[in-house]
Amino acid sequence: MPRTLPFMMQRPVATSNPSRTRRAALGAALLLWAVAGVAQDFNARAPNAARQRPAFAGQTRAPVIDAGVQLRTQVLARGLVHPWGMAELPGGSWLVTERPGRLRRIAADGAVSPPISGLPAVDARGQGGLLDVAVHADFAQTRQLWWSYAEPRGGGKNATAVATGVLSEDGSALEQVRVIFRQNPAWDSTYHFGSRLVFDREGMLFVTTGERSDRRARPLAQDVTSHLGKVLRIDPQSGAAAPGNPGIHGGVPEIWSYGHRNVQSAALDAQGRLWIVEHGARGGDELNQPRAGRNYGWPVISYGEEYSGLAIGQGLTARDGMEQPVYYWDPVIAPSGMAFYQGALFPGWQGDVLIGGLAGQALVRLTLADGRVSGEARYLQGQGRVRDVAVAFDGAVMLLTDAEDGALIRVTPMD
């Protein structure tokens, strides 16, 4: 039977750790061979909430895909300290955030820049810190970028914020920095900040948030006067509510959808529709296609259970007026990062969903048919916590691994 081969180090690659020597990673590679269908035993694991039943066939535990694809991985840069988000720039370099509060540029040859100056202060406790980074298609003309982060608010409180700035011509500093959005209310918590940034086809910016994990804050995911546990849609220049938002009665105008737990995966499909994956507790990670003004149920309905093993709320998985997830996982993958594959290197993956797995320690691939999940595969299992996923301009799949010695990894098919 085929098996997954271990990592094989060839020689050191670029590092961002100040205590180590930085050097280009041109020609340096870390190779892993993985075969779809290898170690694909994830559907054999017992669910945490064994008595719960899906609302429709195929809502969970989709058939395992066995495509027989072999993968080659090349570590472009390592020594990144808990990298969280990435965005490709013209010319093939990457902006990468490090959660402690550093933004770096990684060249196509793997050379890692010193921290880019000009960022506002972040609260890097717990799950907080510098989070996602995004650029628009006009970056070559404007050099403008956006980032999300945990903003300290005083008295131990913090909240997700979004800022924008212009990258200097030499790439060393951010200029004209301004905060365009602040999540309210702030909360004394170090958990569940969200937060992914996705531009839509109209140039507006989706911002995902978390409900801060605290039991007292949870109900605010259902409270449309707050930004907690929401998908928001804002104007990327002013931070005001974007034109065309649903305008929920009595709600803050930035809300696109609500009733979410902690959304750390978001992407547009080929039709320009937003999809997200949000964290459950023990079970209940959800794939959703959030629609304007809809309620996705947290914490009133959810699959899975509390970390303690108790039921979440009343243990409900459905209620009138609340949306069902397109798909859910129990046990969880702990999703972070997401992309729809469109590229030349993996012709069999066109339109498929790629998701990072933290607890799952895998690249998760879903196939879709008529808006529902028709198959699932997991690649590179056990090789590290995958924090973010992107598709490069040339069709390679890019991964960030979440660790003290995290890495930016390029994934291509084996020749």
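No donor-acceptor distance shorter than 3.5 angstrom exists from the side chain of Arg273 to the backbone of Ala270, with no hydrogens or angles considered. Thr401 places no side-chain N or O within donor-acceptor distance of the main-chain N or O of Gly384, the cut-off being under 3.5 Å. Checked by atom type and distance alone, the side chain of Arg143 pairs as donor or acceptor with a backbone atom of Ser168 at under 3.5 Å. At distances below 3.5 Å, at least one donor-acceptor pair connects side-chain atoms of Thr367 with backbone N or O atoms of Gly375. The main-chain N or O of Gln141 is never found under 3.5 Å from a side-chain atom of Asp138 such that the two would form a donor-acceptor pair. A donor-acceptor pair under 3.5 Å is absent between the side-chain atoms of Asp330 and the main chain of Gly304, judged by distance alone. Formation of a donor-acceptor pair under 3.5 Å by the Glu278 side chain with backbone atoms of Val263 is not found in this model. With hydrogens and angles disregarded, no donor-acceptor distance shorter than 3.5 Å links the side chain of Arg282 to the backbone of Ala49. The backbone N or O of Met414 lies less than 3.5 Å from no partner atom in the side chain of Gln70, so there is not a single donor-acceptor pair. A donor-acceptor pair is defined here as one N or O able to donate and one able to accept, closer than 3.5 Å; no such pair exists between the side chain of Arg410 and the backbone of Gln74.
Below 30°, between 30° and 60°, or above 60°: for Tyr379 and Trp349 the angle between ring planes is between 30° and 60°, a tilted geometry. Between Tyr327 and Trp329, the angle of the ring planes goes over 60°, which puts this pair in the perpendicular group of the 30/60° scheme. Ring geometry for Phe199 against Trp146 counts as perpendicular: the plane angle is over 60°, on a 0 to 90° scale with 30° as the lower cut.
Taking the ring centroids of Phe346 and Tyr341, they lie under the 6.0 Å cut-off.
The number of heavy atoms from other shown groups lying within 6.0 Å of CD (Gln314) does not exceed 12. By the 6.0 Å contact criterion, CZ on Phe139 is enclosed, its count of non-hydrogen atoms from other residues, nucleotides or ligands being greater than 12.
Side-chain contact of Arg105 with Ser93: a donor-acceptor pair under 3.5 Å is present, judged by distance alone. Side-chain contact annotation: His227 with Asn184, donor-acceptor N/O pair under 3.5 Å absent. Side-chain contact annotation: Ser257 with Arg294, donor-acceptor N/O pair under 3.5 Å absent. A donor-acceptor contact under 3.5 angstrom links the side chains of Gln324 and Gln59, judged on distance only.
Under the 4.0 Å criterion applied to side-chain N and carboxylate O atoms, Glu306 and Arg215 are assigned as salt-bridge partners. Between Glu151 and Arg182, at least one side-chain N (NZ, or NE/NH1/NH2) sits under 4.0 Å from a carboxylate O, which counts as a salt bridge. Ionic pairing of Arg372 and Asp370 is not present here: no N-O contact between side-chain nitrogen and carboxylate oxygen is shorter than 4.0 angstrom.
For the pair Val300 and Gln222, the minimum side-chain heavy-atom distance is below 4.5 Å. Side-chain atoms of Leu145 and Thr164, non-hydrogen and from C-beta on, never get closer than 4.5 Å to each other. Within the 4.5 Å cutoff, side-chain heavy atoms of Leu363 are placed close to those of Leu354. For the pair Leu399/Asp388, no side-chain contact is recorded, criterion being any heavy-atom separation below 4.5 Å from C-beta on. Leu368 has its side chain out of reach of Asp352: every pair of non-hydrogen atoms, C-beta onward, lies at least 4.5 Å apart. The shortest side-chain heavy-atom distance between His279 and Gln264 falls under the 4.5 Å cut-off. Pro54 is listed as a side-chain neighbour of Tyr328, based on a closest heavy-atom distance under 4.5 Å. Contact annotation: the side chain of Leu287 approaches that of Trp275 to within less than 4.5 Å [non-hydrogen atoms, C-beta and beyond].
Both tests do not hold together for Arg99 against Trp84: distance to the six-membered ring centre under 6.0 Å, angle to the ring axis within 45°. Under the 6.0 Å distance and 45° angle rule, Arg212 counts as a cation-pi partner of Phe193.
Taking OG1 of Thr160 as the reference point, atom CG of Leu228 lies at 8.0 Å (rounded to 0.5 Å). Atom-to-atom distance recorded for Arg385:CZ and Leu400:CG is 12.5 Å, nearest 0.5 angstrom. Taken from OG1 in Thr209 to CZ in Arg261, the straight-line distance is 13.0 Å, to the nearest 0.5 Å. Taking CD from Gln176 and CG from Leu167, the interatomic distance works out to 11.5 Å, rounded to the nearest 0.5 Å. Atom-to-atom distance recorded for Ser265:OG and Ile355:CD1 is 6.5 Å, nearest 0.5 angstrom. Note that CZ of Arg387 and CG of Asp402 are 4.5 Å apart. Values are rounded to the nearest 0.5 Å.
In terms of heavy atoms, Asp285 sits closest to Gly280 at OD1-N, 2.7 Å. When all heavy atoms of Gly101 and Val122 are compared, the closest pair comes out as CA-CG2, 3.8 Å. Of all heavy-atom pairs between Ala163 and Tyr149, the closest is CB-CE2, 3.9 Å. The nearest pair of heavy atoms linking Leu76 to Ala108 is CD2-O, 4.4 Å. Residue Ile276 comes nearest to Ala266 through the heavy atom pair CG2-CB, 3.9 Å, listed as atom of the first residue, atom of the second, then distance. Pro185 and Leu220 make their closest contact through CG-CD1, 4.0 Å (heavy atoms, listed as atom of the first residue, atom of the second, distance).
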request  = Let me see the working for Asp223 and Arg218 under salt bridge (Lys or Arg N to Asp or Glu O under 4.0 Å), right down to the final yes or no.
outcome  = CA-CA 9 Å; Asp223 183 349; Arg218 271 187 183 181; over 6 Å; no
task = Before giving the answer on side-chain contact (heavy atoms from CB on, under 4.5 Å), spell out for Trp94 and Leu408 the whole-Å C-alpha distance, their side-chain angles and the decisive distance to 0.1 Å.
result = CA-CA 9 Å; Trp94 290 83; Leu408 174 63; 4.3 Å; yes
task = Please test Leu131 against Thr97 for side-chain contact (heavy atoms from CB on, under 4.5 Å), starting from the C-alpha separation and ending with a verdict.
result = CA-CA 6 Å; Leu131 304 174; Thr97 64; 6.0 Å; no
ask   = Can you check side-chain contact (heavy atoms from CB on, under 4.5 Å) on Leu174 and Trp147, steps first, answer last?
value = CA-CA 11 Å; Leu174 289 167; Trp147 61 94; 3.7 Å; yes
key: side-chain contact (heavy atoms from CB on, under 4.5 Å) between Met338 and Val353, worked out   = CA-CA 7 Å; Met338 180 180 184; Val353 188; 3.7 Å; yes
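Every side chain to side chain contact (heavy atoms under 4.5 Å, CB included) that Asp188 has, sequence neighbours left out, goes to Lys157.
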Compile the donor-acceptor pairs under 3.5 Å between side chains in residues 235-248 and protein atoms, sequence neighbours left out, one pair per line.
residue	atom	partner	partner atom	Å
Asp235	OD1	Gln237	N	2.8
Asp235	OD1	Ser238	N	3.1
Gln237	OE1	Gln144	NE2	3.2
Gln237	OE1	Arg178	NH2	3.2
Gln237	NE2	Gln144	OE1	3.2
Ser238	OG	Ala240	N	3.1
Asn245	OD1	Arg233	NH1	3.1
Asn245	ND2	Arg233	O	2.9
Asn245	ND2	Pro253	O	3.0

